[in-house]
Amino acid sequence: MENSFSRSVLYATLFVCCSLFCTTGHAQTTPTSLPDSPDIVATLNEDPRGSSSSSQTSQLQTNSQASSTSDPLAVQQTKRILFIIPNFRAVSTFTQLPPQTVKEKFVTASQDSFDYSGIIFSGLLAAEAMATNQYPEFRQGAAGYGRYFWHTFVDQTSENYFVEFIVPAIAHEDTRYYTLGRGGFLKRAGYSLSRVVITRKDDGTRTFNAGEVIGAGAAAGISNLYYPSKERTFGNTAGKWGTNVGLDAGTFLFKEFWPDINRTVFHSKAR
């Protein structure tokens with residue numbers, strides 16, 4: 001569960017990068033003859049109903065990525081953003097994938113939780129929280145930092161598993177982010193931000209994003225079990241819930257434009 005430091009870093013980077021993207025004019029060069037609405041793109045990206053075995057899944061994903069890479073209009077995602085931030089759930093435009101299995105949901109939640117970047121960010125967040133004396137009950141020094149660190153790490157891990165695995169597995173939701181990749185900036189931004197409340201079911205149909213909304217709320221509520229009693233207020237819990245959903249909305253926005261930023265600013269290709 002992220003706090004003010006991670007939010008500041010994300011949004012500062014987001015606004016700078018999106019501004020750079022807008023100045024390139026790529027959004028205006030998309031041919032108007034191509035469909036670019038979320039509904040049409042969702043149809044293009046519908047999951048095939050074939051077997052979901054790991055070998056077939058891998059082969060289909062490889063073939064889809066090869067096909068989309070050859071298309072000059074395809075927007076290609078990378079496995080990481082800025083070489084550090086995990087981007088494992090992002091799907092490039094025109095890529096077709098089979099239904100996401102429960103195992104795959106568990107794996108991506110684990111990757112996001114225990115990736116080296118998650119540990120680094122937890123350490124930075126803990127340091128920032130201790131420096132601002134966010135929870136006086138934790139105190140200072142090495143012992144205090146340890147308390148800040150494990151609370152931050154558990155917050156982050158809890159949210160990842162509820163949002164990406166537990167609730168989606170129960171609700172049969174696909175936790176991957178399907179890049180729109182076409183249309184103007186406002187259309188793509190609106191699409192990406194709407195993903196916090198709209199997602200896909202395993203059968204490819206659209207549905208309310210229970211994993212995001214309910215999962216983030218559950219993680220915020222569970223945090224009351226291990227935070228000091230003084231912090232267990234409705235206001236604090238609701239604030240954590242709203243912060244998590246808002247942060248994920250910003251993350252989706254960043255994911256949508258990251259391929260354009262990566263190609264235009266860093267002159268890199270998808271890996």
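- Within 6.0 Å of CZ in F234 there are 12 or fewer heavy atoms belonging to other residues, nucleotides or ligands.
- Q156 places no side-chain N or O within donor-acceptor distance of the main-chain N or O of S113, the cut-off being under 3.5 Å.
- Here L125 contributes atom CG and M130 contributes atom CE; the two are 13.0 Å apart, rounded to the nearest 0.5 Å.
- In this structure, the ring of Y135 has its center less than 6.0 angstrom from the ring center of Y227.
- Of all heavy-atom pairs between F149 and G123, the closest is CE1-N, 3.6 Å.
- In this structure the side chain of L180 never reaches within 4.5 angstrom of the side chain of T93, judged on heavy atoms.
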Working for side-chain contact (heavy atoms from CB on, under 4.5 Å), residues F165 and V102: CA-CA 7 Å; F165 169 56; V102 173; 3.7 Å; yes
T101 vs F106, side-chain contact (heavy atoms from CB on, under 4.5 Å): CA-CA, chis, key distance, verdict: CA-CA 9 Å; T101 66; F106 175 79; over 6 Å; no
CA sep, side-chain torsions, deciding dist, call: D248, E159, side-chain contact (heavy atoms from CB on, under 4.5 Å): CA-CA 11 Å; D248 287 343; E159 190 202 4; 3.3 Å; yes
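- Although no hydrogens or angles enter the test, the distance criterion places a donor-acceptor pair under 3.5 Å between the side chain of T199 and the main chain of D174.
- For the pair K201 and F208, the NZ or CZ position fails the cation-pi test of under 6.0 Å to the six-membered ring centre and within 45 degrees of the ring normal.
- One hydrophobic cluster, built from ILVMFWY side chains closer than 4.5 Å, holds both L124 and I81.
- Residues H172 and P99 are not in side-chain contact: their nearest non-hydrogen atoms beyond the backbone lie 4.5 Å or more apart.
- Centroid-to-centroid, the aromatic rings of F138 and Y145 stay 6.0 Å apart or farther.
- With sequence neighbours excluded, the residues that form a salt bridge (charged side-chain N to carboxylate O under 4.0 Å, His left out) with R89 are D112, E164.
- A189 approaches F257 most closely through the heavy-atom pair N-CZ, 4.0 Å.
- Closest approach of R80 and S117 over heavy atoms only: NH1-OG, 4.3 Å.
- Remark: side-chain polar atoms of T108 are paired, donor with acceptor, to backbone N or O of E104 under 3.5 angstrom.
- Here the options are Q76, Q77, E256, the test is side-chain hydrogen bond (donor to acceptor under 3.5 Å, both in side chains), and the partner is T179; only Q77 passes.
- Looking at N87, its side chain never comes within 3.5 Å of a backbone N or O of K255 through a donor-acceptor pair.
- Looking at P259 and S92, their side chains never come closer than 4.5 Å, going by heavy atoms from C-beta outward.
- Note: the hydrophobic cluster containing I222 does not contain V163 (ILVMFWY, side chain heavy atoms under 4.5 Å, direct or indirect links).
- Using a 4.5 Å heavy-atom cutoff, the side chains of E137 and E231 are in contact.
- The closest donor-acceptor contact from the side chain of W241 to the backbone of I214 lies at 3.5 Å or more, if one exists at all.
- Between K105 and D202, at least one side-chain nitrogen of the basic residue sits less than 4.0 Å from a carboxylate oxygen of the acidic one, meeting the salt-bridge criterion.
- A donor and an acceptor atom, one from each side chain of N262 and T78, are nowhere located under 3.5 Å apart.
- Considering all non-hydrogen atoms of both residues, V245 and A216 come closest at CG2-CB, 3.9 Å.
- Both V265 and L253 belong to a common hydrophobic cluster when Ile, Leu, Val, Met, Phe, Trp and Tyr are linked at side-chain heavy-atom distances under 4.5 angstrom.
- Between the side chain of R232 and the main chain of N224, a donor-acceptor pair closer than 3.5 Å is present.
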F252/Y191 under ring pair (Phe, Tyr, Trp, His ring centres under 6.0 Å): CA gap, chis, key distance, verdict: CA-CA 9 Å; F252 291 154; Y191 166 82; 9.5 Å; no
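- Side chain to side chain, D155 and S223 fail the donor-acceptor criterion of an N or O pair below 3.5 Å.
- The hydrophobic cluster containing W258 also contains I85, counting ILVMFWY residues as joined when their side-chain heavy atoms lie under 4.5 angstrom apart, directly or transitively.
- You'll find the side chain of T95 reaches within 4.5 Å of the side chain of L97, heavy atoms only.
- A donor-acceptor pair under 3.5 Å is absent between the side-chain atoms of T264 and the main chain of I261, judged by distance alone.
- Side chain of D115 to backbone of Q111: no donor-acceptor contact under 3.5 angstrom is found.
- A cation-pi arrangement, defined by a distance under 6.0 Å to the six-membered ring centre and an angle within 45 degrees of its axis, is present between R200 and Y178.
- Residues Q140 and N133 have side chains in contact (heavy-atom distance under 4.5 Å, counting atoms from C-beta outward).
- Note that the CD atom of Q100 and the OG1 atom of T175 stand 3.5 Å from one another [nearest 0.5 Å].
- With values rounded to the nearest 0.5 angstrom, R188 atom CZ is found 10.0 Å from R182 atom CZ.
- Ring-plane geometry between Y226 and H151 is classed as tilted, the angle between the planes lying from 30 to 60 degrees on a 0 to 90 degree scale.
- Between E173 atom CD and T205 atom OG1 the span is 10.0 Å, to the nearest 0.5 Å.
- Under the 4.5 Å side-chain heavy-atom criterion for Ile, Leu, Val, Met, Phe, Trp and Tyr, Y177 and F88 are members of distinct hydrophobic clusters.
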Working for side-chain contact (heavy atoms from CB on, under 4.5 Å), residues F114 and F153: CA-CA 9 Å; F114 301 103; F153 184 77; 3.6 Å; yes
